[in-house]
Participant: 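Before we start, here is the structure in question, set down as structure tokens.
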Amino acid sequence: MKPHEIRLESAARDVGRASESSVGETWTIQRVILWTSDYFKKKGIDSPRLTAELLLAHALSCDRVRLYTDFDRPLNKDELAAFRSLVERKGAGEPVHYLLGRREFFGRSFKVDARVLVPRPETELVAEAALEKLGPDSDQPILELCTGSGCLGLTLVAERPSARLVAVDLSAAALDVARENAAALGLVPRVELLEGDLFAPVAGRTFTLLVANPPYVATGVIPTLKPEVQREPQLALDGGADGLAVLRRIVLGAPSALVSGGWLVLEIGEGQGAAVLDLFAQAGLSEGSIRQDLARLERIALARRP
Ligand code: GLN
């Protein structure tokens, strides 16, 4: 056995269980991917092969294409150990993007970890709707509530080079992540990050656009979500008994935080459209509408201060 090669007997102990038939073979990239995909599949993990490849590329500090060009390369002991630890954590239910430490959103890479919700593809549609309301040359101040990693608000200011963002979160830990993302994207001069409860830190100020992806999952539903989602901050998910507790406060507070003609653009949960339209009416907002995401679920709610 070459020193840089790990035989299956020891590797199997390292990685977990392994099929008896392949005892004695070397852990090449190809074999590691096959074994891990199979293991993830048995564990009921979504996209098992993709997950295996993403984690392996991360452990080897290379991109996924490289795995295919180096299919027959054996892993050395350190690489295997690094990968094993990622496989164990994934097997125990950690979201893959926490393990990778990053998530793409609207064409940019954001740092993510257990302090923040992992950016979702459907939230990109919220960003798109907000950009539509901002117009191409906006230099207007934007307010984002429940900013988390900052992916939504930071995308808006990255896309509109004259715009400014005030981003609020109740979690100081989440704001630390947003701050790192703002810095990595070169947006610090145009971004103000404030800790506090919804509108409290911006009392008396008005904005042209208010965006939020607030917690909107009903408390009772949270235990039924996938284990990966349950590893995400409860604060970012839990919308109270009917899921609308935070949305309600945002909608009812929006008129005082928006200029006349300013837009409110929210992410909402499936089935919440009618209730949110009611809230818009209660708040005296006009032009209320609901858009669906690519899965045809109600996901985006828009309204305007008259
Ligand atoms: N869309 C998230 C989910 O998949 C919920 C995010 C939120 O509550 N804002 O559970």
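If you read the sequence from its start, that first residue is 1, and numbering goes on from there. Note that ligands are numbered from 1 as they come in the structure, with each ligand's atoms numbered from 1 the same way.
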Participant: Within ligand 1, which atoms have a heavy atom of Ala236 less than 4.0 Å away?
Facilitator: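 Listed by number with element, the hits are 7 (C), 8 (O), 9 (N).
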Participant: Name the closest protein heavy atom to atom 8 (O) of ligand 1, giving the residue it belongs to and the distance to 0.1 Å.
Facilitator: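 Ranked first by proximity to atom 8 (O) of ligand 1 is Tyr216 N, 3.1 Å.
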Participant: Are side-chain N/O atoms of Asp238 and Thr219 paired as donor and acceptor at under 3.5 Å?
Facilitator: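 Short answer, yes.
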Participant: Just by modelled atom types, is the Arg304 backbone N or O under 3.5 Å from a matching donor or acceptor in the Ser286 side chain?
Facilitator: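 Present.
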Participant: Distance-only, no hydrogens or angles: does the Thr36 side chain make a donor-acceptor pair with backbone N or O of Ile33 under 3.5 Å?
Facilitator: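 Pair absent, no side-chain N/O of Thr36 close to backbone of Ile33.
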Participant: Can you tell me the protein heavy atom closest to atom 10 (O) of ligand 1 and the distance?
Facilitator: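 Ranking protein heavy atoms by distance from atom 10 (O) of ligand 1, first comes Arg120 NH2, 3.7 Å.
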Participant: So, Gln230 side chain and Leu225 main chain: donor-acceptor pair closer than 3.5 Å or not?
Facilitator: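 Present.
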Participant: Can an N or O of Arg299 be found at a distance shorter than 3.5 Å from an N or O of ligand 1?
Facilitator: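 No, Arg299 has no N/O under 3.5 Å of an N/O on ligand 1.
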Participant: State the atoms of ligand 1, each with its element, that fall below the 4.0 Å cut-off from a heavy-atom position in Pro214.
Facilitator: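 By the 4.0 Å cutoff, the relevant atoms are 7 (C), 8 (O), 9 (N).
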Participant: Just which atoms of ligand 1 are under 4.0 Å from any heavy atom in Pro215?
Facilitator: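 This gives 8 (O) as the contact atoms.
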Participant: I'd like to check whether Leu225 has a polar contact with ligand 1, where a contact means an N/O of the residue lying under 3.5 Å from an N/O of the ligand.
Facilitator: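 No: no nitrogen or oxygen of Leu225 is under 3.5 Å from one in ligand 1.
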Participant: For Asp113 and Tyr98, indicate whether the former's side chain and the latter's backbone hold a donor-acceptor pair under 3.5 Å.
Facilitator: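 Absent.
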Participant: Residue-level breakdown please: for Cys146 versus ligand 1, do any non-hydrogen atoms fall below 4.0 Å on the side chain, on the backbone, on both, or on neither?
Facilitator: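 Under 4.0 Å from ligand 1, Cys146 contributes no heavy atoms.
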Participant: Checking Glu228 side chain against Val96 main chain: does a donor-acceptor pair fall under 3.5 Å?
Facilitator: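 Side chain of Glu228 to backbone of Val96, a donor-acceptor pair under 3.5 Å: no, none is there.
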